[in-house]
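The structure appears right after this line, and notes come after that.
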Amino acid sequence: MSGSAEIDAKIAGPGDWRGEALGRVRALIREAKPEVVETVKWRKPTNPAGVPVWEHAGMICTGETYRDKVKLTFARGADLPDPAGLFNSSLGGNTGRAIDIREGEEIDSEALKALVRAAAALNVAKAPRGG
């Protein structure tokens with residue numbers, strides 16, 4: 001099964017607002033960076049479906065569903081401009097930053113797309129050059 005198909009299953013899994021929120025976020029990520037690669041990583045007995053991951057020249061972000069939220073974690077979030085203040089979780093780390101979306105909350109779609117584009121551009125800029 002492809003990463004995209006596995007993410008489809010992950011979105012359908014909860015059967016509630018969390019799947020819908022993850023689906024909306026996924027659509028925005030794909031709109032911001034159409035060439036994004038979708039994968040699923042970090043499978044374990046407590047989470048056999050794994051974690052959806054969006055990549056472009058490296059990891060852009062992950063999307064996890066919890067009982068009370070959907071969490072988007074940007075791998076290099078600390079290095080990204082966030083003028084809209086979307087990052088509201090994992091703010092103390094040196095590298096990553098996250099956005100927690102709770103039931104009934106809407107996310108600023110243009111600000112999220114700007115973060116995705118900035119993360120992809122940062123990955124490209126930091127990618128090792130072949131010789």
Side-chain angles (χ1 to χ4, degrees):
M1 184 183 308
S2 74
S4 293
E6 289 180 282
I7 293 174
D8 289 342
K10 189 81 172 175
I11 289 168
D16 61 15
W17 70 270
R18 295 170 299 164
E20 293 169 11
L22 188 58
R24 282 193 308 274
V25 165
R26 177 200 203 184
L28 292 171
I29 291 168
R30 291 166 79 171
E31 189 177 317
K33 203 71 185 159
E35 63 274 21
V36 73
V37 175
E38 296 183 315
T39 61
V40 174
K41 297 183 180 186
W42 304 296
R43 296 174 204 282
K44 55 187 178 182
T46 56
N47 187 12
V51 176
V53 179
W54 290 274
E55 299 176 301
H56 179 82
M59 187 183 308
I60 293 174
C61 66
T62 64
E64 297 176 90
T65 55
Y66 294 92
R67 181 185 50 78
D68 63 339
K69 66 183 164 259
V70 171
K71 180 182 280 289
L72 289 180
T73 302
F74 282 74
R76 293 181 167 167
D79 294 329
L80 298 176
D82 182 23
L86 291 183
F87 291 131
N88 61 9
S89 181
S90 304
L91 301 175
N94 292 333
T95 308
R97 294 285 183 273
I99 302 167
D100 287 352
I101 305 166
R102 300 188 188 284
E103 187 171 9
E105 291 180 348
E106 290 296 323
I107 192 160
D108 181 330
S109 59
E110 293 306 314
L112 178 61
K113 289 190 289 186
L115 276 177
V116 169
R117 289 184 197 110
L122 181 62
N123 286 349
V124 169
K126 295 204 176 223
R129 304 282 189 254

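For the residue pair Ala119 and Ile60, the shortest heavy atom distance occurs at CB-CG2, 3.8 Å. The minimum heavy-atom distance between Gly63 and Trp54, with the atom names listed, is N-CZ3, 3.5 Å. The shortest non-hydrogen separation linking Thr95 to Ala75 is CG2-O, 3.0 Å. Shown here for Pro52 and Leu22, the closest heavy-atom pair between the two residues is CG-CD2, 4.4 Å. Considering every non-hydrogen atom in both Ala57 and Val124, the closest pair reads CB-CG2, 3.8 Å. Closest approach of Leu115 and Pro81 over heavy atoms only: CD2-O, 3.2 Å.
No side-chain heavy atom of Lys69 sits under 4.5 Å from any side-chain heavy atom of Ser89. Side-chain contact between Leu80 and Leu122 is present, with at least one heavy-atom pair separated by less than 4.5 Å. Contact check for Leu112 versus Ile99: side-chain heavy atoms found under the 4.5 Å cut-off. Under the 4.5 Å side-chain criterion, counting only non-hydrogen atoms from C-beta, Trp42 is in contact with Val53.
With hydrogens and angles ignored, the 3.5 Å screen pairs no side-chain donor or acceptor of Arg30 with any backbone N or O of Val36. Remark: side-chain polar atoms of Asn123 are paired, donor with acceptor, to backbone N or O of Met59 under 3.5 angstrom. Put simply, the side chain of Asp82 gets close to the backbone of Phe87: a donor and an acceptor are under 3.5 Å apart. A donor-acceptor pair under 3.5 Å is formed between the side chain of Lys10 and the backbone N or O of Gly50.
If you chain together hydrophobic residues whose side chains sit under 4.5 Å apart, Val37 and Ile11 never meet in one group. With hydrophobic clusters built from ILVMFWY side chains whose heavy atoms lie under 4.5 angstrom apart, Leu28 shares a cluster with Leu72.
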Val51 and Lys41: CA distance, side-chain angles, deciding distance, side-chain contact (heavy atoms from CB on, under 4.5 Å) verdict: CA-CA 5 Å; Val51 176; Lys41 297 183 180 186; 5.6 Å; no
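Note that CZ of Arg18 and CD1 of Ile101 are 13.5 Å apart. Values are rounded to the nearest 0.5 Å. With rounding to the nearest 0.5 angstrom, the CD atom of Glu103 is 7.5 Å from the CG atom of Asp16. Distance check, rounded to the nearest 0.5 Å: CG of Leu86 to CZ of Arg97 gives 13.5 Å.
Here Lys33 pairs with Glu35 in a salt bridge; the nearest charged N to carboxylate O distance falls below 4.0 Å. The pair Asp8-Arg26 meets the salt-bridge criterion, with a side-chain N (NZ, NE, NH1 or NH2) lying under 4.0 Å from an Asp/Glu carboxylate O.
Residue Glu31 is tested with Arg24, Arg117, Lys113 for a salt bridge (charged side-chain N to carboxylate O under 4.0 Å, His left out); the sole match is Lys113.
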